[in-house]
Amino acid sequence: MVIRILILLLIIITAEIESKDLFPSWRKSLENFNYQLPEELYDKYKEFGYEGAGYFKDTKGIYIRKTRFPKETINYAIGFRNQKDIFLPKEVFLVFYFNDSELLMVSETIPYIHKSGDYSFAGAIHRIGRTYEYENGKLAKISCLDRNPDLNVATEISKKEYCGEIIHLDEQENISNVVDSKNPCSYICNSRYMPYSLPGFYYTTMDQLKLRQSPSSKSDVIKNLPMDTKVQVIEDSFKAERLSPYVNGNWVKVILEDGKEGYIYGFYLRFENEPNINLILQKAEEWKKKNGWKGK
C-alpha cells in the first residue's frame, strides 16, 4: 500500500514538473523570428527547476527568467543579445514575453536613466522601441514604447508606455484601428532591434540597401537592393556598427538569388516568417486616409 502511494506521488510530481517545461512551446514561437534556444540552456533550465537560466558565450547572450509587469499577464521573458556589441549597454536585449507558453510581446529592453542623472534606479530596465503584441497567437498590435525620464517609482518604470501611433489588427491581421497615443516618441522608432541573424531567408526592410564587399559601411558597394528583396543569410559576422544613435546592428554575409555574395547591414532585415512591418505601416496609412483619421 505504501509503495503504491509513493508511486502515485512520484507520477503526480513528474507530471507537475513536465507541465512546467514550456521549452518546446517557446522554441516553436521563436522559430518565426529565427531564434533558437540551445540544448545547454535547456539543461540549465531543467537543472534550476524550470525557474530560469542563462547562456552567455562569445557571440550570443540568452536568458530565460520569470518576470511581472503591472496590470499585464506576462510571466516569462526570453532575451537575446550580441555579446560582441561594444556600442550597447549589457542590459540591451531583444525580448520575447510570454504568459506560460503563449507569446504576448516582442520588444527591446534598455537600462533606465533618470533625467537628473540620479543612479537610485541603477539596474532598472524598461521596454522601448518597435514592439509587437499578440493575442491568441495572432499579431494584434504594433507600436513603439518609450519611458518618461522623470520617474521615481520602480513599478512606474516597468509599466508599458506607448509613444507615437498604435496600430491595431483584427484576427485576419488587417488594420482595424490606428490610435494616436498623444505621447511623442523621444527617439526615431523604426525597425525592431536585431541582436543577430541566424542562417536562413530574410527580406530587406529599406529601399536601396547596399550590398557591400566586406562588413563595413566604408566597404565598396556591389549593388543596391530594393525593399523586400529576398536574401539568404549565410552567417552573421557579429561585427556591430552604429550608423546613428538609433540604428545599431551587425553585418551579415548573404547570397542573393542571382548568386552574388556580400555583406548587408542586419538591422534592415526581417526573417521571412515575421511581420512585414513596412507593409503594415503602409496599410495603416491607407486606412487613415480611407477613414478620415484624426488621431482618435
Side-chain angles (χ1 to χ4, degrees), residues 33 35 52 54-56 59-98 104-133 141-167 179-196 217 238-250 265-268 277:
F33 295 84
Y35 285 99
Y55 174 94
F56 296 91
T59 55
K60 303 182 185 76
I62 308 172
Y63 72 74
I64 299 171
R65 66 174 63 131
K66 288 189 172 182
T67 190
R68 294 285 183 185
F69 296 103
K71 299 181 180 180
E72 297 183 53
T73 59
I74 288 168
N75 61 1
Y76 280 98
I78 302 178
F80 297 84
R81 68 170 274 110
N82 172 9
Q83 290 288 86
K84 288 191 172 183
D85 192 334
I86 62 173
F87 301 103
L88 296 176
K90 63 181 181 180
E91 297 89 353
V92 174
F93 282 83
L94 172 67
V95 185
F96 296 80
Y97 293 100
F98 293 83
L104 296 183
M105 177 184 287
V106 182
S107 191
E108 178 185 353
T109 59
I110 65 172
Y112 181 73
I113 301 175
H114 194 274
K115 69 176 186 179
S116 67
D118 180 8
Y119 285 90
S120 299
F121 295 101
I125 62 171
H126 64 92
R127 292 165 289 179
I128 195 169
R130 180 65 67 190
T131 298
Y132 306 149
E133 294 181 67
K141 193 182 298 182
I142 288 183
S143 65
C144 295
L145 300 183
D146 208 345
R147 178 55 61 233
N148 182 341
D150 192 22
L151 299 176
N152 297 298
V153 180
T155 53
E156 292 296 318
I157 294 173
S158 66
K159 278 185 179 179
K160 180 170 57 179
E161 182 176 314
Y162 294 109
C163 67
E165 295 177 2
I166 307 164
I167 302 171
V179 178
D180 186 352
S181 69
K182 309 298 184 183
N183 179 32
C185 294
S186 64
Y187 62 97
I188 299 173
C189 181
N190 37 39
S191 299
R192 70 168 178 84
Y193 171 51
M194 291 277 287
Y196 53 83
S217 60
F238 286 92
K239 181 180 179 182
E241 184 174 349
R242 175 167 285 186
L243 300 186
S244 79
Y246 306 107
V247 178
N248 194 90
N250 304 348
Y265 194 59
F267 182 88
Y268 296 113
I277 183 65

Where H114 and L151 come nearest, the two heavy atoms and their spacing: CD2-O, 3.1 Å

Please report the closest heavy-atom contact between G129 and Y187, naming both atoms and the distance. N-OH, 3.0 Å

How are the rings of F56 and F93 set relative to one another: parallel (under 30°), tilted (30 to 60°) or perpendicular (over 60°)? perpendicular

Quick check against the 3.5 Å criterion: does E241 have a side-chain atom that pairs as donor or acceptor with the backbone of S217? yes

Smallest separation among heavy atoms of D150 and Y112, with atom names: N-OH, 3.4 Å

If you take all heavy atoms of R192 and Y132, which pair is closest and at what distance? CD-CE1, 4.1 Å

Check whether any side-chain N or O of R127 sits under 3.5 Å from a backbone N or O of S107 as a donor-acceptor pair, and report yes or no. no

Is the distance between the SG atoms of C185 and C163 less than 2.5 Å? yes

Under a 3.5 Å distance rule, please check whether S158 uses its side chain to pair with a backbone N or O of P70 as donor and acceptor. no

Whether the side chain of R81 engages the backbone of V92 through a donor-acceptor N/O pair (distance < 3.5 Å, no angle test) should be reported. yes

What's the shortest heavy-atom distance between E133 and S143, and which atoms? OE2-OG, 4.0 Å

Classify the ring geometry between Y268 and Y265 as parallel (under 30°), tilted (30 to 60°) or perpendicular (over 60°). tilted

Test applied, side-chain contact (heavy atoms from CB on, under 4.5 Å); reference residue, I78; option that passes from Y97, Y63, F98: F98

Is there a side-chain contact between R242 and L88 (heavy atoms, below 4.5 Å)? yes

Taken to the nearest 0.5 Å, the spacing of N75 CG from L104 CG works out to 8.0 Å

Is there side-chain contact between M194 and L94, with heavy atoms separated by less than 4.5 Å? no

Tell me if the aromatic rings of Y76 and F96 count as close, with their centers under 6.0 Å from one another. no

Check M105 against E72 and note the closest heavy-atom contact, atom names and distance. CE-OE1, 4.2 Å

Any idea how Y196 and F238 line up, ring-wise: parallel (<30°), tilted (30 to 60°), or perpendicular (>60°)? tilted

Just to verify, which of N248, N250, T59 counts as forming a side chain to side chain donor-acceptor pair (under 3.5 Å) with D85? N248

